[in-house]
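Take a look at the structure below.
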Amino acid sequence: MTQLLLFNVTNGLIIGAFYVLMALGLSLILNLSNVINFAHGGFLVIGGYIAYTITPYVGFWGALLIAPPLTALIGLAVERVLIRPLYGRDPLYSLLLTFGLAFIIEDVTRFIWGAQGKPVTVPAFLAQPISSDFFFITGYRLFMVLAVVLAVALLFVLLRFTRLGMRIRAGTLDLETVAALGINVGGVGSLTGTLLGGLLIGVASGLTAMFFPAASEAIMYVLMAVVLLVRPRGLLGEEGMMT
């Protein structure tokens, strides 16, 4: 029972780490550009398929380094051509645009790569469990968690110690003054709250899968409803952090 509980908690933390990365990106896009990006998950899918496609040619590590910049270039092109003309308009326009773009990305990826999942071969040493007792904790899973921790740490360093980060944080505290100085900002909300929320959803999903498997996918929506009722500004949101 203890091992099963540990398995589900660990699996939940790993899933939560992915939620953290997705949520941080979505939060930054929403609050810096006032764009509700429904296609955010679609770009993650594109990155995964690009990595799958180039792995036979450049290997696992090469794909890991090349796929994100290529996906970013695609995102930049979409932003410049489709989304930038909508800045300053009602957010409903960008919502509808990205909503439709999400369906386009889904159909295009299915047309190119098919509807079935594609396996990516990881290095053999990463596929090994760390021990016979913790067989469900592989080197690859630890690597994924480490990558998320590193990415989150770099983001916090960017916001805390760089000029760009200082402008963003200033905008969240005194938006009117910073905007009056000619700096184009938006609030980033609570990144710590985003981090906590992603991990909470992951662990809750893992534990629910253990006791009530049928409700494992619904639990995230229940948590979202509870947070919206109890803390409308977010888990760690503060007054003045919203634009």
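Position 1 is the first residue of the sequence, and the numbers go up from there.
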Problem set entry | Other ILVMFWY residues reachable from Leu154 by side-chain steps of under 4.5 Å | Leu150

For this session: Could you tell me whether the side chain of Ile46 reaches within less than 4.5 Å of the side chain of Phe43, counting heavy atoms only?
Result: yes

For this session: Among Ile, Leu, Val, Met, Phe, Trp and Tyr joined by side-chain contacts under 4.5 Å, find the other residues sharing a cluster with Leu146 and list them by chain and number.
Result: none

Exercise. Which value, rounded to the nearest 0.5 Å, describes the distance between Tyr19 atom OH and Ile15 atom CD1?
Worked result: 6.0 Å

Problem set entry | Joint hydrophobic cluster, Leu158 plus Val152, side-chain heavy atoms closer than 4.5 Å | yes

Seminar exercise, completed: Contacts satisfying side chain to side chain donor-acceptor pair (under 3.5 Å) that involve residues 138-157 (not counting sequence neighbours) are Asn11-Arg141

Problem set entry | Pairs touching residues 61-80 that satisfy side chain to side chain donor-acceptor pair (under 3.5 Å), sequence neighbours left out | Glu79-Arg84, Glu79-Tyr87

For this session: Is it possible for you to say whether Leu21 and Leu155 belong to one hydrophobic cluster, with membership spreading through side-chain heavy-atom contacts below 4.5 Å?
Result: yes

Exercise. Do Val78 and Val108 sit in the same hydrophobic cluster, where Ile, Leu, Val, Met, Phe, Trp and Tyr count as joined when their side-chain heavy atoms come under 4.5 Å apart?
Worked result: no

For this session: Group every Ile, Leu, Val, Met, Phe, Trp and Tyr by side-chain heavy-atom contacts under 4.5 Å, then state whether Val120 and Met144 land in the same group.
Result: yes

Side-chain donor-acceptor pairs under 3.5 Å in residues 93-107, sequence neighbours left out?
from	atom 1	to	atom 2	distance (Å)
Ser94	OG	Pro91	O	2.9
Thr98	OG1	Ile36	O	2.8
Thr98	OG1	Phe38	N	3.1
Thr98	OG1	Ser94	O	2.9
Thr98	OG1	Leu95	O	3.2
Glu106	OE2	Arg110	NH2	3.2

Throw together a table of side-chain donor-acceptor distances under 3.5 angstrom for residues 198-212, partners on residues two or more places apart or in other chains.
from	atom 1	to	atom 2	distance (Å)
Ser205	OG	Ile201	O	2.9
Thr208	OG1	Ala204	O	2.6

For this session: Is it possible for you to say whether Phe18 and Phe143 belong to one hydrophobic cluster, with membership spreading through side-chain heavy-atom contacts below 4.5 Å?
Result: yes

For this session: Start with the C-alpha distance between Ile74 and Leu70, add both sets of side-chain angles, then the distance that settles side-chain contact (heavy atoms from CB on, under 4.5 Å), and finish with yes or no.
Result: CA-CA 6 Å; Ile74 296 174; Leu70 289 180; 5.7 Å; no

In residues 50-60, what donor-acceptor pairs under 3.5 Å come from side-chain atoms, sequence neighbours left out?
from	atom 1	to	atom 2	distance (Å)
Thr53	OG1	Tyr49	O	2.8
Thr53	OG1	Trp113	NE1	2.9
Thr55	OG1	Ala51	O	2.4

For this session: Specify the closest pair of heavy atoms between His40 and Met22, including all atoms of both residues, with the distance to one decimal.
Result: NE2-O, 3.1 Å

